[in-house]
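The block underneath contains the structure these notes are about, expressed in structure tokens.
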2 protein chains.
Amino acid sequence: MSLIFSRQCEYAIQALIYLAKKTETEWISIKEIADHINIPQHFLGKIFQMLSNKGILKSKKGLQGGFCLSKPSSDINLKDIVDTIDGVAYSTACVAGFPNCSNDSPCPLHNSWKDLREGIVKMLKMRNLKQMADEISKPGYN
Amino acid sequence: MSLIFSRQCEYAIQALIYLAKKTETEWISIKEIADHINIPQHFLGKIFQMLSNKGILKSKKGLQGGFCLSKPSSDINLKDIVDTIDGVAYSTACVAGFPNCSNDSPCPLHNSWKDLREGIVKMLKMRNLKQMADEISKPGYN
DNA sequence: CTATATTAAGACAAATTACTCTTATTATCA
DNA sequence: TGATAATAAGAGTAATTTGTCTTAATATAG
């Protein structure tokens, strides 16, 4: 099997949207998030460490501690998250793994994939956490 | 890290394009293919077993044996290959892994992803092995 | 200021994916 | 028709990803 994003990345997106729904100054614990979106608590801890190291989250230890966004939710887009967790290969590497594929010397899939890939990157840049947190609060969304 | 297709699937695509360049009746050995496209020989063997079981390839044991396409190369498209190796999740599952995401109750990414996904599926259906084998033979392609 | 509960961080284990080695099959040639 | 070499098939191993358990840090209450 294979998907666009790793499991870690999926969890990161879900968790950060949950976080973006909260007030920006509140410290939220991993336990609360993991329980709400139903994912492994300590696995999320590891993911949030990465996001902290890259400056997307701030963390605070001890009682009443937790995590919070380090910037306004409208300043964090999907590409920031995906690039941090999964790296940028999805936006640069050959989709079929041909070793010498490039714009100059394309593989037979290169040009078919080009526009699709650009569409994906564009979308990831467009969508930010604030938008998504707002949407998820609308009726009909989950 | 994470990409659209698994490593197995990338190898399958490359190997089948190589096969499509040959005459349709010839039996080609795994060793020849693996050497040419520079991938692990026995790993390719396993991949070709799957493709044989699903009816995309025919195999023949013993001296002068090997594999060949079970249909004309123009009748095998990328979607056939991807679906066989990686399954169909990429075309149906929620891109961010939200457990209850659907058209009726979409996640905040669902509608942004919808058209992109459909574009990918459409492309995979459009491109067949013959086209790709022809392209790879043109100057400038690899 | 000390004990404790709560939390993040980091070490460890399981599952999956990628890869390699061995065995079984079979066409060919002596 | 039997030995042999080439081949697919399948068993076994390594690496990566996912998930869990343990330890270290710290805010708070007494």
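In the text below, chain A, chain B and the rest are named by the order of the sequence lines, each starting its count at 1. Bear in mind that the values here come from a model prediction, so they are computed numbers and not experimental data.
- In terms of heavy atoms, B:I30 sits closest to B:G45 at CD1-CA, 3.0 Å.
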Dump the intermediate steps for side chain to side chain donor-acceptor pair (under 3.5 Å) on A:S105 and A:N100, then the final yes or no. CA-CA 7 Å; A:S105 164; A:N100 301 316; over 6 Å; no
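- Side-chain N/O atoms of A:R7 include none lying less than 4.0 angstrom from OP1 or OP2 on D:dT17.
- Here D:dT7 presents its P atom at 14 Å from CZ of B:F48, a figure rounded to the nearest Å.
- Among A:I85, A:L129, A:D80, A:D75, the single residue meeting the side chain to side chain contact (heavy atoms under 4.5 Å, CB included) criterion with A:I56 is A:D80.
- The distance from atom CG of A:N53 to atom C1' of C:dG10 is 12 Å, rounded to the nearest whole Å.
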Listing time: all N or O pairs from protein to nucleotides 4-8 of chain C that are below 3.5 Å?
none

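- Whole-Å rounding puts the B:L44 CG to D:dA9 P distance at 11 Å.
- Contact annotation: B:Y11 does not reach the phosphate of C:dA18 (side-chain N/O to OP1 or OP2, under 4.0 Å).
- The aromatic rings of A:H36 and A:Y18 are tilted relative to each other, their planes meeting at an angle between 30° and 60°.
- The CG-C1' distance, from A:N38 to D:dG19, rounds to 14 Å in whole Å.
- What separates NZ of B:K46 from P of C:dT20 is a distance of 12 Å, to the nearest Å.
- If you take CZ of A:F43 and P of C:dA13, they are 18 Å apart, rounded to a whole angstrom.
- Here the C1' atom of nucleotide D:dA8 and the CD atom of B:E32 are 15 Å apart, to the nearest Å.
- Rounded to whole Å, the distance from CD on B:Q8 to P on D:dT16 is 16 Å.
- A side chain to side chain donor-acceptor pair (under 3.5 Å) check over residues 120-138 of chain B, counting only residues at least two apart or in different chains, returns the pairs A:S112-B:R127, B:R127-B:Q131, B:R127-B:E135, B:K130-B:D134.
- Note on ring orientation: taking the six-membered ring where Trp is involved, the planes of A:F5 and B:W113 are tilted (angle from 30° to 60°).
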